[in-house]
Amino acid sequence: MRIGTHNGTFHCDEVLACFLLRQLPEYKDAEIIRSRDASVLAECDVVVDVGGEYNPTQKRYDHHQREVLAQLTQLKQDDAQLEVLYNKMYENFVEEVDAVDNGISQCDGEARYTITTTLSTREGFHKAMALVGAEFKDRLDYFMKAWLPAREIIDPSGEIVVLAQGGCPWKEHLFALEKEMKVDVPIKFVLYTDQNGHWRVQCVPAGLNTFQNRLSILEEWRGVRDEALSELSGIPDCIFVHASGFIGGNKTQEGALEMAKRTLQTAPKPLLNN
């Protein structure tokens, strides 16, 4: 098998394309042919970034292929998580490579894309291919094993985090990540299990060193316990809400989540970070 691309000065995009193709079983040991001679390229099994042709049926195409990510992650091509990873890898890796290759200015007022590597300035084709491959896999590994699972702990409301268990020192990390990610609507509640296997719903404080909450649990529930609280709220299996409204409890995750959601519904408007 032979992979064709152009010769002369190379760019990061075809280096990345060649690396990605070699991740597929059929191109694992493919020879890379660098030429602009149409007759030479015609003999190649696949051609990238040269020839002025985009024809997937003839395997003349660019490097934006979901098949490669499916191979690297072992996700099925119809898996919704693959689409999420594809978009995230494009936004945080491939877009930069594309833009630099095509001479697109990073900024014209608002930034068009983010520089997260310096790959497009490095030299030596095969050395660069190993380098870009290592960085691509490293980025994908992070998004696959850390970033993607983190999506699962965020309730669809975008304001509730659900932790599998208690004991996690989440506050400092949450504030730091919200700042780094420039979150518009901050997290209001964190749910986790206690030592008895029951669920807690805890309000996120306004800051690390304050007792003020971003949003406290409903005032009419505060100081009420057990069956009386369940009757008042209409939520089964309630255990308590602290008198100050900073924390509450329920026997089930569903109940704790409903306590948080019901409180969110009463909030006059989202509290935005500055």
Do Trp221 and Leu232 make a side-chain contact, defined as non-hydrogen atoms from C-beta onward lying under 4.5 Å apart?
yes

A quick test of your reading: do over 12 heavy atoms of other residues, nucleotides or ligands sit less than 6.0 Å from CD of Gln195?
no

Could you give the distance from CG (Leu257) to CG (Asn250), rounded to the nearest 0.5 Å?
10.0 Å

Run the salt-bridge test on Lys137 and Asp141 with the 4.0 Å N-O cut-off and return the result as yes or no.
no

Could you check whether any side-chain heavy atom of Lys251 comes within less than 4.5 Å of a side-chain heavy atom of Trp199, counting everything from C-beta outward?
no

Close side-chain approach of Ile3 to Asp45, heavy-atom, < 4.5 Å:
no

When clusters are formed by joining ILVMFWY residues with side-chain heavy atoms under 4.5 Å apart, either directly or through shared neighbours, do Leu21 and Leu72 land in the same one?
yes

Check step by step if side-chain contact (heavy atoms from CB on, under 4.5 Å) holds for Cys203 and Ile217.
CA-CA 7 Å; Cys203 305; Ile217 298 175; 3.8 Å; yes

Leu69 and Phe136 have their tightest heavy-atom pair at CD2-CZ, 3.8 Å

Regarding Glu26 and Lys59, does a basic nitrogen lie under 4.0 Å from an acidic carboxylate oxygen?
yes

Is it the case that atom CD in Gln77 sees more than 12 heavy atoms from other parts of the structure closer than 6.0 Å?
yes

Less than 4.5 Å apart, any side-chain heavy atom of Pro205 and any of Phe175?
yes

Are Val161 and Leu208 grouped together when hydrophobic residues (ILVMFWY) are joined by side-chain heavy atoms under 4.5 angstrom apart?
yes

How about Gln202 and Tyr192: do any of their side-chain heavy atoms sit closer than 4.5 Å?
yes

I'd like to know if the side chain of Glu83 and the backbone of Asp79 have a donor-acceptor N/O pair within less than 3.5 Å.
no

Listed by chain and number, what are the ring-ring contact (aromatic ring centres under 6.0 Å, His included) partners of Phe246, not counting sequence neighbours?
His242

Spacing of Asp37 atom CG and Leu41 atom CG [to the nearest 0.5 Å]:
7.0 Å

Within this structure, what is the NZ-CG distance for the pair Lys76 and Leu82, rounded to the nearest 0.5 Å?
12.5 Å

Polar side-chain atom of Arg214 near backbone of Pro186 as donor-acceptor pair, under 3.5 Å
no

Would you mind reporting whether Lys28 and Arg22 have side-chain heavy atoms less than 4.5 Å apart?
no

Thinking salt bridges, do Glu178 and Lys171 make one under a 4.0 Å N-O criterion?
no

What pair of heavy atoms forms the shortest contact from Ala267 to Leu215, and how long is it?
CB-CD2, 4.0 Å

Quick one: OG1 on Thr5 to CZ on Phe125, what's the gap to the nearest 0.5 Å?
5.5 Å

Does Ser216 reach the side chain of Arg222, with side-chain heavy atoms less than 4.5 Å apart?
yes

When you measure from the side chain of Thr210 to the backbone N and O of Ala206, does any donor-acceptor pair fall under 3.5 Å?
no

May I have the step-by-step check of side-chain contact (heavy atoms from CB on, under 4.5 Å) for Met259 and Val241, ending in yes or no?
CA-CA 10 Å; Met259 292 171 73; Val241 171; 3.6 Å; yes

Contact summary for Arg2 and Ala30, nearest pair of heavy atoms:
N-CB, 4.4 Å

Can you name the nearest heavy-atom pair linking Thr263 to Thr266, along with the distance?
O-OG1, 2.6 Å

Report yes or no: do Ile33 and Val15 belong to one cluster of Ile/Leu/Val/Met/Phe/Trp/Tyr joined by side chain heavy-atom distances under 4.5 Å?
no

Hey, are the side chains of Arg200 and Leu191 touching, using non-hydrogen atoms and a 4.5 Å cut-off?
no

So, for Gly4 and Cys44, which heavy atoms are closest and what is the spacing to 0.1 Å?
CA-SG, 3.7 Å

dist Asp237:CG -> Glu258:CD (nearest 0.5 Å) comes out at 12.5 Å

Atom NE2 in His126, atom SG in Cys18: separation rounded to 0.5 Å?
8.5 Å

Checking side-chain contact (heavy atoms from CB on, under 4.5 Å) for the pair Lys188/Leu264: CA distance, chi angles, key distance, verdict?
CA-CA 8 Å; Lys188 306 299 192 308; Leu264 282 175; 3.7 Å; yes

Shortest non-hydrogen separation from Met144 to Thr73 and the atoms involved:
CE-O, 3.8 Å

Can you list the steps and then say if Thr193 with His198 is a side-chain contact (heavy atoms from CB on, under 4.5 Å)?
CA-CA 5 Å; Thr193 56; His198 296 154; over 6 Å; no

Hydrophobic clustering (ILVMFWY, side-chain heavy atoms < 4.5 Å, transitive) - are Met1 and Val40 grouped together?
no

